Amino acid sequence: INSGRIMEQNKQAIQVIIGNPPYSAGQTSANDNNQNTVYPDLDQRIMDTYVAKSSATLKNSLYDSYIRAMRWASDRIGARGIIGFVTNAGFVDSNAANGLRLCLAQEFSSIYILHLRGNARTAGELRRKERDNVFGEGSRAPIAISILVKNPAAPAPGQIYIYDIGDYLTREEKLAKLLTFNSLAAMNWQRIQPDSHGDWLQQRDLGFEQFMPLGAKKQLTAQPIFANYSGGIATHRDAWCYNADKVAVAANMQRMLAFYNAEVARWIAVRAAGADTPELKDFIDTDPTKISWTNALLQHLDKGKVFTFETSAITASLYRPFTQQWLYFSRVFNERVLQMPQLFPTAAAENRVICVSGIGARSGFSTLITNFIPCYDNIEKGQCFPLYLYPKPTTAAANDLFAAGKITYPRCFPGARRITRPTDCTTSTWD
């Protein structure tokens, strides 16, 4: 019956779509075993439009369910129609969504965004300005009501209007204000003239393009100051890999490793038994008090890989500003080590790194310098620029970031192109 209704609906011309799409960007962790449904055709449309036009490095957020709903609705109404959505307001000003904004301005003749604020993922004065969410405790994301109009007869596409509900308002005050709005025409809209990058609010200052780049992952006309840089360590299992007590982090990791290896043995046994092998995601024990699963660790389990605890992997780390903790520094059990092995090739390697706020940081610009391995959220989305860079070790040690015994690394070299090679930057041996 449902299939028949869907087929019949697909034959109809739909020109008005109104709704409150889901907000899920994905499961919190692999322990949840609650992945979003895959929509290959819709995701391909997002890739060909929003992702293709985005200048962001990380674009996973463009597959959030509410953005999928925008892509589907825009395609469904065709060349003429109206969409009215209540959604997460992150697309209005996030870096990753600049491609989405460029496409909206091309596809719609008029865009009206009623920004209700309420972003709980902020801090300080900005958090006080955002104040309450209109959904109360039901959402920590800012909320927007969007009216998107396709009118082929409009004189020009991409007429963008934004109404900001205001600072410091409670939930009740925001809802009361909404009740006074009888029509779009009665509202005091702010006309937005987007820039060429798709910025609507907080448009970038192009004067910064004249400065020498601090670092760059791709070839630029101007040579960057630093030859390489890296985001901080993102373990995706901080409760296990970090602790203020060195003994505690060792005990936690040993306990998690023992559980992981037991799951490997159990998986090998059930596969050896033959018929009716369950899917891995349904087989594993997802008890968060025993382990924090990630996709990478599940792949190791599926291949039957077992691991042993390495005492030498425990090192000091700057977990948060002025807050040092012990870290189990591991390519396997830290989900994203990025370029950090070139900055700190072993737990004992010496370096100095300048940490700065990364793109998309919500709390403004910050910077500090540390001689410890930094966490990715030490400074929000932090990027680290090193005094020294270490080449990859030669011989068999190159295949193992933390090989047992003594590893001799080649001479390190300055991380910044304009720093003279230090006299003490010579071949070093570490345990």
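Side chains included, hydrogens not; waters and symmetry mates left out as well; all remaining heavy atoms used. Index from 1, following the sequence. Keep in mind that this is a model prediction, so the values were computed, not measured.
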*Asks:* With a 4.5 Å heavy-atom cut-off, do Gln299 and Leu280 have their side chains touching?
*Replies:*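 A side-chain contact is absent here, since even the closest heavy-atom pair is not under 4.5 Å.
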*Asks:* Is there a donor-acceptor contact under 3.5 Å linking the side chains of Thr122 and Glu130?
*Replies:*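 No.
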*Asks:* Between CG of Asp199 and CG of Asp205, what distance do you get to the nearest 0.5 Å?
*Replies:*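 Asp199 CG to Asp205 CG: 11.5 Å, rounded to 0.5 Å.
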*Asks:* Is any side-chain heavy atom of Leu343 closer than 4.5 Å to a side-chain heavy atom of Leu389?
*Replies:*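 Yes. Closest side-chain heavy atoms under 4.5 Å.
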*Asks:* Measure from the side-chain N and O atoms of Asn151 to the backbone N and O of Ser109, and report whether any donor-acceptor pair falls under 3.5 Å.
*Replies:*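 Pair absent, no side-chain N/O of Asn151 close to backbone of Ser109.
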*Asks:* Cation-pi check, Arg68 to Tyr39: give yes when NZ or CZ is under 6.0 Å from the six-membered ring centre and within 45° of the ring axis, no otherwise.
*Replies:*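 No, a cation-pi geometry is absent between Arg68 and Tyr39.
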*Asks:* Asn98 side chain to Ser55 main-chain N or O, any donor-acceptor pair under 3.5 Å?
*Replies:* yes
*Asks:* Counting only N and O atoms by type, is there a donor-acceptor contact under 3.5 Å from the side chain of Arg237 to the main-chain atoms of Phe333?
*Replies:* yes
*Asks:* Please confirm whether Tyr328 and Trp240 have ring centers closer than 6.0 angstrom.
*Replies:*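 Ring-ring flag for Tyr328/Trp240: false, centres at least 6.0 Å apart.
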*Asks:* Ring centres of Tyr260 and His300 under 6.0 Å apart?
*Replies:*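 So the answer is no for these two rings.
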*Asks:* Test Leu318 against every option in Asn378, Ile373, Asn371 by the side chain to side chain contact (heavy atoms under 4.5 Å, CB included) rule and name the one that passes.
*Replies:* Asn378
*Asks:* Closer than 3.5 angstrom, by distance alone: can the side chain of Asn351 be matched with the main-chain N or O of Phe344 as a donor-acceptor pair?
*Replies:*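 Absent.
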*Asks:* Would you say that Glu310 contacts Ser330 through its side chain, given a criterion of any heavy-atom pair below 4.5 Å between the two side chains?
*Replies:*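 In short, these two side chains do not touch, never coming nearer than 4.5 Å.
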*Asks:* Distance-only, no hydrogens or angles: does the Glu335 side chain make a donor-acceptor pair with backbone N or O of Thr235 under 3.5 Å?
*Replies:*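 Looks like no, no N/O pair under 3.5 Å.
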*Asks:* I'd like to know if Arg71 pairs up with Asp41 as an ion pair, taking the criterion as any Lys NZ or Arg NE/NH1/NH2 lying under 4.0 Å from an Asp or Glu carboxylate oxygen.
*Replies:* no
*Asks:* Does Val356 reach the side chain of Ile379, with side-chain heavy atoms less than 4.5 Å apart?
*Replies:* no
*Asks:* Looking at Asp93 and Arg101, is there a salt bridge between them, counting it only when a charged N and a carboxylate O are closer than 4.0 Å?
*Replies:*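 Salt bridge between Arg101 and Asp93, a charged N being under 4.0 Å from a carboxylate O: no.
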*Asks:* Any salt bridge linking Glu263 with Arg266? Criterion: basic side-chain nitrogen under 4.0 Å from a carboxylate oxygen.
*Replies:*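 Yes, charged N to carboxylate O under 4.0 Å.
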*Asks:* Please work out whether the ring planes of Phe385 and Tyr229 are parallel, tilted or perpendicular, with thresholds of 30° and 60°.
*Replies:*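 Answer is parallel, since the angle falls under 30°.
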*Asks:* Is the closest side-chain donor-acceptor distance between Arg191 and Gln159 under 3.5 Å?
*Replies:* yes
*Asks:* Check Glu137 with Arg171, please: is the shortest side-chain N to carboxylate O separation under 4.0 Å?
*Replies:* no
*Asks:* What I'd like to find out is whether the side chain of Ile291 reaches to under 4.5 Å of the side chain of Leu297, using heavy atoms alone.
*Replies:* yes
*Asks:* Return yes if a side-chain donor-acceptor contact under 3.5 Å exists between Tyr319 and Asp238, otherwise no.
*Replies:*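 Looking only at side-chain atoms, Asp238 and Tyr319 do form a donor-acceptor pair, the distance falling under 3.5 Å.
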